[in-house]
There are 2 protein chains.
Amino acid sequence: MTNTISYDEILENFKKLLKSKNLKYTTQRELILKIIYDNNGHFTPEEIYALIKESYPKVKLGIATVYRTLTLLEDANIVTSISFGTQGKKYEFGITHHHDHLVCLKCGKIEEFYDDLIEKQQEEITKKFNFKMSDHVMKIMGTCSACLAKG
Amino acid sequence: MTNTISYDEILENFKKLLKSKNLKYTTQRELILKIIYDNNGHFTPEEIYALIKESYPKVKLGIATVYRTLTLLEDANIVTSISFGTQGKKYEFGITHHHDHLVCLKCGKIEEFYDDLIEKQQEEITKKFNFKMSDHVMKIMGTCSACLAKG
DNA sequence: CTTATTGCAAACGTTTTGCACGTTT
DNA sequence: AAACGTGCAAAACGTTTGCAATAAG
């Protein structure tokens, strides 16, 4: 999904958020946010950690900080995650509109889609069950067009 | 979801499956299948292990066998699983028609639903993306009616 | 100078694996 | 007898935590 908000805007909002929670603005937190913003896609905490190590070798960073920051960013709705069972989670930049995922089991690629009808129907279901929805996920697993083409 | 196939039928199919794969019919494998069939609901491997230990104290059983058998049963589409991120998976008897889940984050209860419109729409999406669907999951998370009532 | 944050390593919970022993065929 | 399955304990995996050292406000 393409980002429509500029990074400067994001960063300003992030700084404000930190201030409002009496949290501190650190190099590590900024870089984690920046890496996710810059590299559009879905990444595991390990991948984000590796990307930063590679792009900013001088910065000291531990994997624990990546996890802690991702939790922080997800709570603030700045990133969102998609779960892969035992194999962990992938995070993506999340100040875009809601969408669901097509996950290719061959190459691991994740495509995104949004379907209004499905969203509406989910609302209907929660009404029927008198259920208060806080979140929902939908994943379609299979083989992507590229992998199908490859045979 | 209520089972419409008798246990005897299931068991016969399971035995055939094992034979066809040159696998052996063991007490452990039978009990794991039986426990999931008997106790309608969604269980973690640990819960299944505990249930068997409780119901059949004389049978020797290790947790590894539970995991191994659940994988086997899931590959054979006899059970299905629903993932809870780091907190593991829950398994349910799966020779019923497909359904999705409403997961209560307060009490952990899982309700099931089936919606034809959503299913159809998913097909449409895969067509649009030229994607070959092998499986799909949809989970709606939130608070169930019982927990809402409790305040 | 106070408070939050960090990296590190150890701990965690779930799942998988290697292996010698048992069971099924 | 051959082949597969088992329990056990150890390892693996992603993630979280305690803590002393460090950086931000």
Side-chain angles (χ1 to χ4, degrees), chain A residues 11-12 14-35 42-53 56-76 79 81-91 108, chain B residues 11 14-35 42-53 56-76 79-91 108:
Chain A
L11 193 57
E12 276 319 300
F14 186 44
K15 283 184 185 174
K16 267 180 210 153
L17 172 91
L18 292 173
K19 197 163 284 174
S20 78
K21 291 193 170 188
N22 281 320
L23 302 177
K24 283 164 184 173
Y25 175 65
T26 66
T27 312
Q28 288 84 350
R29 284 180 176 159
E30 211 236 283
L31 284 185
I32 291 164
L33 176 59
K34 185 166 170 50
I35 278 284
H42 302 77
F43 302 102
T44 63
E46 285 287 350
E47 285 165 348
I48 292 166
Y49 175 73
L51 273 170
I52 295 175
K53 284 281 176 188
Y56 308 93
K58 281 167 264 173
V59 176
K60 243 190 161 215
L61 176 68
I63 189 71
T65 298
V66 176
Y67 278 99
R68 287 187 280 232
T69 303
L70 286 172
T71 303
L72 172 66
L73 291 171
E74 189 168 24
D75 286 349
V79 305
S81 70
I82 160 172
S83 178
F84 289 85
T86 314
Q87 291 88 253
K89 281 180 177 180
K90 291 190 179 184
Y91 289 82
Chain B
L11 193 55
F14 186 43
K15 282 183 187 174
K16 267 180 214 155
L17 173 89
L18 291 174
K19 196 164 286 174
S20 78
K21 292 194 171 190
N22 282 320
L23 302 177
K24 284 166 182 171
Y25 176 64
T26 66
T27 313
Q28 288 85 349
R29 284 180 176 160
E30 209 236 284
L31 284 185
I32 291 164
L33 176 59
K34 186 167 169 48
I35 278 283
H42 303 77
F43 303 102
T44 63
E46 283 288 352
E47 285 166 350
I48 292 166
Y49 175 74
L51 273 168
I52 296 175
K53 284 282 176 187
Y56 307 93
K58 280 166 266 171
V59 177
K60 241 191 163 214
L61 177 68
I63 189 73
T65 298
V66 176
Y67 278 98
R68 288 187 278 232
T69 303
L70 286 172
T71 303
L72 173 66
L73 290 170
E74 189 168 24
D75 286 349
V79 304
T80 54
S81 70
I82 161 172
S83 176
F84 288 88
T86 315
Q87 289 86 254
K89 281 180 178 183
K90 292 190 177 184
Y91 289 83

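Computed from a predicted model, the values in this text were never measured in an experiment. In the text below, chain A, chain B and the rest are named by the order of the sequence lines, each starting its count at 1.
- Between the C1' atom of dT16(D) and the CD atom of E46(A) lies a distance of 14 Å, rounded to the nearest Å.
- What separates CZ of F14(B) from P of dT24(C) is a distance of 14 Å, to the nearest Å.
- Rounded to an integer number of Å, the gap from E47(A) CD to dT15(D) C1' is 16 Å.
- Considering only heavy atoms from C-beta on, R29(A) comes within 4.5 Å of L18(A) through its side chain.
- Regarding K15(B), its NZ atom lies at a distance of 13 Å from the P atom of dT24(C), rounded to whole Å.
- Rounding to the nearest 0.5 angstrom, the gap separating the OH atom in Y91(A) from the OG1 atom in T71(A) is 5.0 Å.
- E30(A) contributes no side-chain N or O that, together with a main-chain N or O of Y25(A), makes up a donor-acceptor pair within less than 3.5 Å.
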Between the protein and nucleotides 19-25 of chain D, list the N/O to N/O atom pairs that are separated by less than 3.5 angstrom.
unit_1	atom_1	unit_2	atom_2	d
dA24(D)	N3	K24(A)	NZ	3.2
dG25(D)	OP1	Y25(A)	N	3.3

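- Scanning for salt bridge (Lys or Arg N to Asp or Glu O under 4.0 Å) contacts around K90(B) gives an empty result, with sequence neighbours left out.
- Looking only at side-chain heavy atoms (C-beta outward), H42(A) and F84(A) stay at 4.5 Å or farther from each other.
- With dC8(C), dA9(D), dT6(D) as the candidates, the nucleotide lying closest to the side chain of A64(B) is dA9(D).
- The CD1-P distance, from I32(A) to dG7(C), rounds to 8 Å in whole Å.
- Side-chain contact check for S81(A) versus L70(A): every heavy-atom pair is 4.5 Å or farther apart.
- One interatomic measurement links the two molecules: NZ of K60(B) to P of dA9(D), which rounds to 10 Å at whole-angstrom precision.
- Looking at heavy atoms from C-beta onward, E12(A) lies in side-chain contact with K15(A) at the 4.5 angstrom threshold.
- In this structure, Q28(A) places its CD atom 12 Å from C1' of dA4(C), rounding to the nearest Å.
- Counting non-hydrogen atoms under 4.0 angstrom, I63(A) reaches nothing in the nucleic acid.
- Under 4.0 angstrom from either OP1 or OP2 of dT16(C) there lies no side-chain N or O belonging to Y67(B).
- Residue order along DNA chain C, read from the 5' end via each residue's closest nucleotide, puts Y49(A) first among Y49(A) and T86(A).
- For the pair L18(B) CG and dT25(C) P, the interatomic distance rounds to 9 Å; values are reported in whole Å.
- Remark: DNA chain D takes part in the stems C:1-25 with D:1-25, each of 3 or more antiparallel Watson-Crick or G-U pairs, criterion distances under 3.5 Å.
- When the options V66(A), L61(A), V59(A) are evaluated for a side chain to side chain contact (heavy atoms under 4.5 Å, CB included) with L31(A), the one that passes is V59(A).
- Between L23(B) and L72(B) there is a side-chain heavy-atom pair separated by less than 4.5 Å.
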